[in-house]
Amino acid sequence: MKKILILSILCLMFSLSGMAQRQGKPADFSHGKLQVSANKRFLQHSDGTPFFYLGDTAWELFHRLDRDEATKYLSDRAAKGFTVIQAVALAELDGHTVPNAYGFLPLVDYDPARPLVIEGADNDYWDHVDFIVNKANELGLYIGLLPTWGRYWHDNIDVNGNKPLFDVANAEKFGEFIGKRYKDKEVIWILGGDRHVENDAQKEIIRAMARGLKKGDGGAHLMTFHPTGGRGSSLYFHTDDWLDFNMRQNGHNADFTGIYSNTAADYALQPVKPVIDGEPLYEDHPLSFNAAKLGHSISADIRRPLYWNLFSGAFGHTYGHHSVWQMYDEAKNRRPINAPLMSWQEAIDQPGASQMMYGRLLMESRPFLTRIPDSTVIVTGNVPTSVPGQGRYRFVATRDENGTYAMIYAPVGREFTVSLDAIKGNEVTAWWYDPRNGKATLIGTFANDRASRTFSPPDKGEMMDWVLVLDDAEAHYPVPGTK
């Protein structure tokens, strides 16, 4: 009884303290370079500190924003607890022919082997990239740096429309240039860029760029590949030594079944490699690219992939907003892509962006490197399509492999039953964690009889998702989402 009273007081104190004390922090570079964890499931710093990859897709950051705009955007993302900003050097929206905000192009005669570098400061495209990378690092943000968007190695886009800009030779040279220029910066290399590898020739271009990057930076940074929608890097390069972790683009669909369930499929591959969804459904994006039929996504649609991915084995997560990736601004005559609903300046404050932090804080409040996916914790209901469910309403679970905690994500306010076998302690402390605001509410502490127990979320609303957190009481973990 005394234990329950103490926990209740702690929970009340936490609720009254306000969310300002729980703002996420950007990355802490003092823990050393990033590397793959010993169990090959996560990323960590060289001193062993776990790293939560909370990314944002800002594909057009280098190309469309000026320095004041870039500083505004990066400062906002650092304040919201993001740790990685994914951006493209040779940008998607005609970055080879349309100058950046200062009138500079990246290449001489559209030749990747000849980056347009002019001696002196602030007088070429790459000086502007330097400014943004430096500003991001100053704010505690890694840049997930794509050397090029996929169209330039995949599509016939040269001046005659006969072939891509990249071939094996210039891909390696361009990679070496990028690698050498940013070898001492806090970056993560992301090859690919939203294209399907259709043949061996394209595969060898990617491999050549990876060789160039490693030659340029001496192997100082992690490397992955961003695929097209519905696919993962594992489809093409899983056994390649340069691929440090797998990245998926589960894409702009709202369903778990056959979409976000693919994260678990990559998690199960051999050899073992970490996996992350580098492009899930964006906030305010046309659902399945069909706004006329399905409308646009909302924050509830964005939260579900966060927990689906994390609880299926992902080591982190990437958020995106449909206006932000393209840095849409009607006042500056920036061509809109696929009907954005607002400017990027408005979009950075949409609710889904802030809610990503609560997933990160929850994961960081429990042992990080021993977490495994395990939806067998959820007891299948009499109607399995209800619990664990399918489509948009799939329940998923994760737990500590040592049995000290388990978490169950309920995408809707529906009663469900869990097995307590996953918790090894003699007593279990249960909490509800609200993904919308990061607040935890104590349910209570009870004897662990290793049987099944039924829980009913605090709110039965269909868009009211919840996380049930079950702790071994003897572990004395903090309130979920706090340290």
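Treat the numbers as computed from the prediction; the structure is a model and nothing was measured.
Partner Glu69 forms a salt bridge (charged side-chain N to carboxylate O under 4.0 Å, His left out) with one of Lys135, Arg64, Arg334 and no other, that one being Arg334. When each of Trp149, Tyr152, Tyr125 is checked for a ring pair (Phe, Tyr, Trp, His ring centres under 6.0 Å) with His96, only Tyr152 meets the rule. The only option from Asp111, Ile205, Leu107 that meets the side-chain contact (heavy atoms from CB on, under 4.5 Å) definition with Asn170 turns out to be Asp111.
Defined by atom type and a distance below 3.5 Å, a donor-acceptor pair is missing between the side-chain atoms of Trp59 and Asp194. Side-chain atoms of Tyr102 and Asn123 form no donor-acceptor pair, as typed in the model, at a separation below 3.5 Å. Side-chain atoms of Thr49 and Asp47 form a donor-acceptor pair, as typed in the model, at a separation below 3.5 Å. No donor-acceptor contact under 3.5 angstrom links the side chains of His296 and Asp284, judged on distance only. A donor-acceptor pair shorter than 3.5 Å cannot be found between the side chains of Ser343 and Asp329. Side-chain contact check for Asn290 and Ser288: no donor-acceptor pair (N or O, by modelled atom type) lies under 3.5 Å. No hydrogens or angles considered: nothing links the side chains of Tyr328 and His322 as a donor-acceptor pair under 3.5 Å.
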Applying salt bridge (charged side-chain N to carboxylate O under 4.0 Å, His left out) to Asp241 and Arg211, what does each step give before you reach the verdict? CA-CA 11 Å; Asp241 290 340; Arg211 287 195 303 272; over 6 Å; no
Evaluate the criterion ring pair (Phe, Tyr, Trp, His ring centres under 6.0 Å) for residue pair Tyr142 and Phe29; output intermediate values, then yes/no. CA-CA 9 Å; Tyr142 288 89; Phe29 304 139; 4.9 Å; yes
Just do the ring pair (Phe, Tyr, Trp, His ring centres under 6.0 Å) check on Phe62 and His128 with the steps written out, would you? CA-CA 7 Å; Phe62 301 129; His128 184 53; 7.7 Å; no
Evaluate ring pair (Phe, Tyr, Trp, His ring centres under 6.0 Å) for His285 paired with Trp325, printing each intermediate quantity in order. CA-CA 11 Å; His285 191 282; Trp325 77 260; 8.4 Å; no
Quick one: do Ile302 and Leu281 satisfy side chain to side chain contact (heavy atoms under 4.5 Å, CB included)? Show the steps, please. CA-CA 6 Å; Ile302 309 309; Leu281 174 62; 4.0 Å; yes
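Put simply, the side chain of Val98 reaches to within 4.5 Å of the side chain of His63, judged on heavy atoms. Using a 4.5 Å cut-off on side-chain heavy atoms (C-beta onward), Trp344 and Leu65 make contact. Here the side chains of Tyr260 and Arg304 are not in contact, with every heavy-atom distance at 4.5 Å or above. In this structure, the side chains of Lys215 and Lys180 stay at 4.5 Å or more apart for every pair of heavy atoms. Side-chain contact between Lys185 and Leu145: absent, with no pair of heavy atoms (C-beta onward) separated by less than 4.5 Å. Arg114 has its side chain out of reach of Phe177: every pair of non-hydrogen atoms, C-beta onward, lies at least 4.5 Å apart. The side-chain heavy atoms of Tyr319 and Glu283, taken from C-beta on, include a pair separated by under 4.5 Å. Looking at heavy atoms from C-beta onward, Thr224 lies out of side-chain contact with Asp244 at the 4.5 angstrom threshold.
Of the possible polar contacts, one joining the Ser365 side chain to the Gly481 backbone as a donor-acceptor pair under 3.5 Å is found. Not one N or O on the side chain of Asn250 forms a donor-acceptor pair closer than 3.5 Å with the backbone of Thr263. Between the side chain of Arg77 and the backbone N or O of Ile348, at least one donor-acceptor pair lies under 3.5 Å. A distance-only check finds a donor-acceptor pair linking the side chain of Thr71 to the backbone of Arg67 [under 3.5 Å]. The main-chain N or O of Leu54 is found under 3.5 Å from a side-chain atom of Thr83 such that the two form a donor-acceptor pair. Remark: the backbone N or O of Leu93 is paired with a side-chain donor or acceptor of Glu60 at under 3.5 angstrom. Within the 3.5 Å criterion, the main-chain N or O of Leu306 finds no donor-acceptor partner in the side chain of Asn309. Side-chain N or O atoms of His45 include one that pairs as donor or acceptor with a backbone N or O of Gly32 at under 3.5 Å. When atom types are taken as modelled, the side chain of Lys273 and the backbone of His238 share a donor-acceptor pair closer than 3.5 angstrom. Arg248 places no side-chain N or O within donor-acceptor distance of the main-chain N or O of Gly278, the cut-off being under 3.5 Å.
Closest heavy-atom contact between Leu243 and Ser233: CD2-OG, 3.9 Å. Scanning both residues, Gln249 and Gly229, for their nearest heavy atoms gives NE2-N, 3.3 Å. The minimum heavy-atom distance linking Tyr307 with Val396 is given by the pair O-CG2, 3.9 Å. In this structure, Trp126 and Val117 approach most closely via the heavy-atom pair CD1-CG2, 3.9 Å. Contact between Pro274 and Arg41 at its shortest, heavy atoms only, is CB-O, 3.6 Å. For the residue pair Val324 and Ala347, the shortest heavy atom distance occurs at CG2-CB, 3.8 Å.
Between Tyr282 and His252, the ring planes are perpendicular. Angles over 60° get that label, and only those under 30° would be called parallel. A tilted orientation is assigned to the rings of Phe42 and Phe368, their planes being inclined by 30° to 60°.
Annotation: cation-pi pair Arg436/Tyr358 absent, no NZ/CZ under 6.0 Å from the ring centroid and within 45° of its normal.
In this structure, the separation between NE2 on His154 and CG on Leu165 is 13.5 Å, given to the nearest 0.5 Å. Atom CH2 of Trp242 sits about 10.0 Å away from atom CE of Met209, to the nearest 0.5 Å. Rounding to the nearest 0.5 Å gives a distance of 12.0 Å between CG of Leu74 and CZ of Phe82. Here the OG1 atom belonging to Thr398 is positioned 10.0 Å from the CG atom belonging to Leu362, to the nearest 0.5 angstrom.
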